Amino acid sequence: MKFNRKEFLQDVERILHADFKTDLKSADKKELYNAVSKAVMLEAYPDWETSRAADKRRCGYFSAEFLMGRAIFNNLMNLGILEEVKGALASVGEDLGQFEEVEDAALGNGGLGRLAACYLEAAASKNLPLDGYGIRYRYGLFRQVFEDGYQKEEGDDWLRWGDPWSVRVERDACIVRFSDMDILAVPYDMPIFGYKNGVVNTLRLWSSEPVRAFDFDLFDTMKGDTKAVDNFNATKICDVLYPNDNTMVGKLLRLRQQYFMVSASLQDIVKKFKAAGRDIRTLPEKYCFQLNDTHPVLAIPELIRILRCEGLSFDEAFDVARRTFNFTNHTIMAEALERWDVLALSDLLPSVYEQILGCQERLEREGLDRDRFFIVRDGTVHMANLAIFVSSKVNGVAEIHTNILKTETFRNWYERYPEKFVNITNGITPRRWLLLNNPALAKVIDSKIGEGWHTDLKQLADLRPFVDEILPDFKRIKGENKQKLAAYIKEREGVEIPSHFIFDIQIKRLHEYKRQLLNALSILHFYFGVKEGSIQNFPPTAFIFGAKAAPGYYMAKAVIKFINEIAKLVNGDAEVSKVMRVVFVQDYDVSYAEKLVCAADASEQISTAGMEASGTGNMKFMLNGTVTLGTMDGANVEICEEAGRENNYIFGATVDEVNAVKHGYNPWDIINRTPELRRLLDTLVNGTFSDERGMLRRLYESITGGHEPDRYLVCYDFADYIRVKEELLRDYGSDAFYKKSLLNLCAAGKFSADRSVRDYSDLIWHIG
Ligand code: 26Q
């Protein structure tokens with residue numbers, strides 16, 4: 001984008017005056033942020049219009065979550081005006097950096113939502129016509145604070161900062177009908193800027209409002225037969241993001257959210273398609289839709305319903321739907337697979353449920369065995385089965401994950417439709433996750449291999465011949481990033497971390513299968529070892545955690561409490577704290593992640609093998625030159641393939657081993673012959689830590705008792721984890737270690753979201 005400092009500052013002044021009755025001299029941070037953003041938006045409009053109007057086949061990415069993070073820096077960078085805007089603001093005495101205080105748009109929980117954000121950015125950067133469709137939650141993912149080591153949740157009022165990067169599009173409002181009320185859906189469009197290529201795609205987020213019967217146009221479409229409007233409840237639908245990650249909650253409001261977003265999106269798309277004079281039967285020629293897990297799967301029966309209203313027979317409508325939809329699965333955890341009660345669904349959405357039944361009938365007519373293939377059974381609707389049956393393509397998100405889908409989770413479907421199943425390994429955008437968060441390192445790379453890697457990440461391989469040469473720069477920059485992170489942690493958490501310590505980092509949602517508990521036990525093991533002298537010359541290490549626990553997930557919250565207690569013990573110990581620190585940062589989010597991944601020496605990716613579909617944090621660390629301490633799970637497997645297993649620290653049971661030991665597994669066999677482990681577990685119940693709520697005791701029981709003790713094989717993997725973790729910590733500091741780290745960076749090319757969206761386009765979307 002071309003940039004004229006004088007005109008830009010004039011625009012800013014004008015907007016400040018028009019919107020806030022103020023000027024550059026007296027504007028506060030929020031006003032300035034809004035004016036600067038809006039001035040940029042004005043400039044970007046023509047390109048947005050051009051990109052929209054292009055008569056290309058498009059893909060709609062349907063997702064209940066888009067974890068966008070902070071927009072301003074990324075947008076300025078992609079528009080190629082980051083330095084220019086910084087300079088313009090500096091010329092009037094303002095620091096662009098002040099906008100680091102602007103709240104993240106946290107309209108997602110974790111991996112799945114952040115993946116959607118990375119894909120939108122990558123598609124725009126690759127000139128692929130991909131648009132996002134989702135929900136404009138009034139409150140995003142809760143803010144986390146610790147009180148006495150316990151997690152507490154607060155509301156995420158992200159709109160407090162205004163929303164200058166969205167445009168409300170009143171003329172595209174439509175009505176979504178539930179059996180008990182009609183709701184007005186109003187879209188807010190966010191521009192998605194491609195990296196320095198002039199492409200602008202759209203993220204359309206729907207907001208619910210009461211139907212205003214006095215609105216003439218809408219009144220017309222309602223033809224007067226609107227249901228009693230519950231004006232009070234209407235807005236509630238989009239009030240808040242459900243804070244669950246990899247667990248299903250069967251709440252009716254969640255179902256309303258899902259239907260609300262897909263109905264509004266499809267109505268909008270179909271309406272415009274018809275207005276362009278096209279035959280609705282040709283929809284699949286112009287559009288395809290990617291279903292981001294099962295959360296938007298009601299789009300399938302909703303499209304069929306709409307098409308039947310347009311006069312198509314069920315089979316005609318079904319065939320259009322089957323040619324239009326594709327489905328991504330992100331999890332094999334049974335508790336995350338969405339199922340809805342037939343009574344609830346049929347009561348809330350009778351005509352949608354009718355189409356679901358139609359799909360079940362069609363399945364039977366196609367001769368599929370009712371015992372092995374079902375959408376509706378025993379009073380439950382199985383959303384994944386509906387998605388697989390009606391989609392053209394079904395994909396997993398890493399090789400190992402797709403293989404598990406084929407051989408276990410959806411084996412029956414794979415046997416019947418082998419050609420439907422494809423793998424698309426996840427990727428991350430190198431713009432946010434290296435260029436933006438680690439500019440110093442990016443510059444060094446530029447100086448050796450040019451800037452081609454910004455949009456063709458495979459070129460990082462060309463850096464290999466320079467690894468020795470740039471090692472000193474790499475060390476220096478890592479050190480600087482660690483210093484900055486330490487200062488930030490000191491300010492936010494009040495914990496001091498010497499920056500010469502090893503930074504060992506585990507950041508991701510809190511879940512038992514991700515095994516933060518295993519990490520915690522290892523820290524306690526090192527603590528006792530150092531304290532009692534059985535471990536000599538322990539390499540000074542800071543163990544850093546960041547994670548939110550779903551508010552209703554008891555065990556996850558217990559793990560947070562446990563780690564905070566360990567932190568208190570370790571950091572409060574005058575002797576041990578010379579070589580160990582532990583900190584659980586509060587309110588971990590995308591912006592915090594940007595600071596953490598560029599400052600890490602070790603990336604903890606320690607899920608029980610077979611349980612992490614892919615992971616994407618692992619890729620972010622790798623791209624910033626960090627070794628992985630991990631299991632052979634998810635994308636870790638491919639990281640080892642690309643970077644060499646010898647350049648990472650791999651431990652623990654493999655998927656085959658997990659499957660072999662799971663039956664008849666008794667952790668006591670291990671605990672009894674490992675006194676050290678027993679001692680660590682005992683701290684959960686023997687008064688080492690304060691546990692006035694009995695949380696730690698319950699944690700103890702989850703490992704040692706119940707009908708499935710130690711479900712996630714913490715005890716099984718403990719010894720090997722300690723062995724490999726010690727090896728890593730001992731290796732740290734040598735040139736060989738930094739070389740391993742850098743070789744990971746050089747091998748990160750495969751994990752670009754650019755490659756992922758290209759794969760989606762080639763194998764599934766065919767959009768360019
Ligand atoms: C479902 C029903 C009701 C309420 C909530 C949910 C729900 C919400 C979010 C279920 C699952 C999720 C999120 C899943 C998720 O983030 N999965 C992660 O996806 C990443 C991107 O593919 C992978 O890298 C991770 O391995 C996977 O855990």
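First listed ligand is number 1; within each ligand, the first listed atom is number 1. Predicted, not measured: the structure shown is a model, and the values here were computed from it.
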Short N or O separations between ligand 1 and the protein, below 3.5 Å:
| from | atom 1 | to | atom 2 | distance (Å) |
| --- | --- | --- | --- | --- |
| ligand 1 | 16 (O) | L112 | N | 3.0 |
| ligand 1 | 22 (O) | H330 | ND1 | 2.6 |
| ligand 1 | 22 (O) | N426 | OD1 | 2.9 |
| ligand 1 | 24 (O) | N426 | OD1 | 3.4 |
| ligand 1 | 24 (O) | G615 | N | 2.8 |
| ligand 1 | 26 (O) | E612 | OE1 | 2.6 |
| ligand 1 | 26 (O) | A613 | N | 3.3 |
| ligand 1 | 26 (O) | S614 | N | 3.0 |
| ligand 1 | 26 (O) | G615 | N | 3.1 |
| ligand 1 | 28 (O) | N246 | ND2 | 3.0 |
| ligand 1 | 28 (O) | Y513 | OH | 3.2 |
| ligand 1 | 28 (O) | E612 | OE1 | 3.0 |

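Residues T328 and Q290 bring a donor and an acceptor atom of their side chains to less than 3.5 Å of each other. A donor atom on one side chain and an acceptor atom on the other are not found under 3.5 Å apart for W340 and T380. Checking Y716 against E657 by side-chain atom types alone, a donor-acceptor pair falls below 3.5 Å. E121 and Y195 are not linked by any side-chain donor-acceptor pair at a separation below 3.5 angstrom, with hydrogens and angles left out of the test. If you check the side chains of S263 and E302, you find a donor sitting under 3.5 Å from an acceptor.
Residues passing the side chain to side chain donor-acceptor pair (under 3.5 Å) test with S607 are D633, sequence neighbours excluded.
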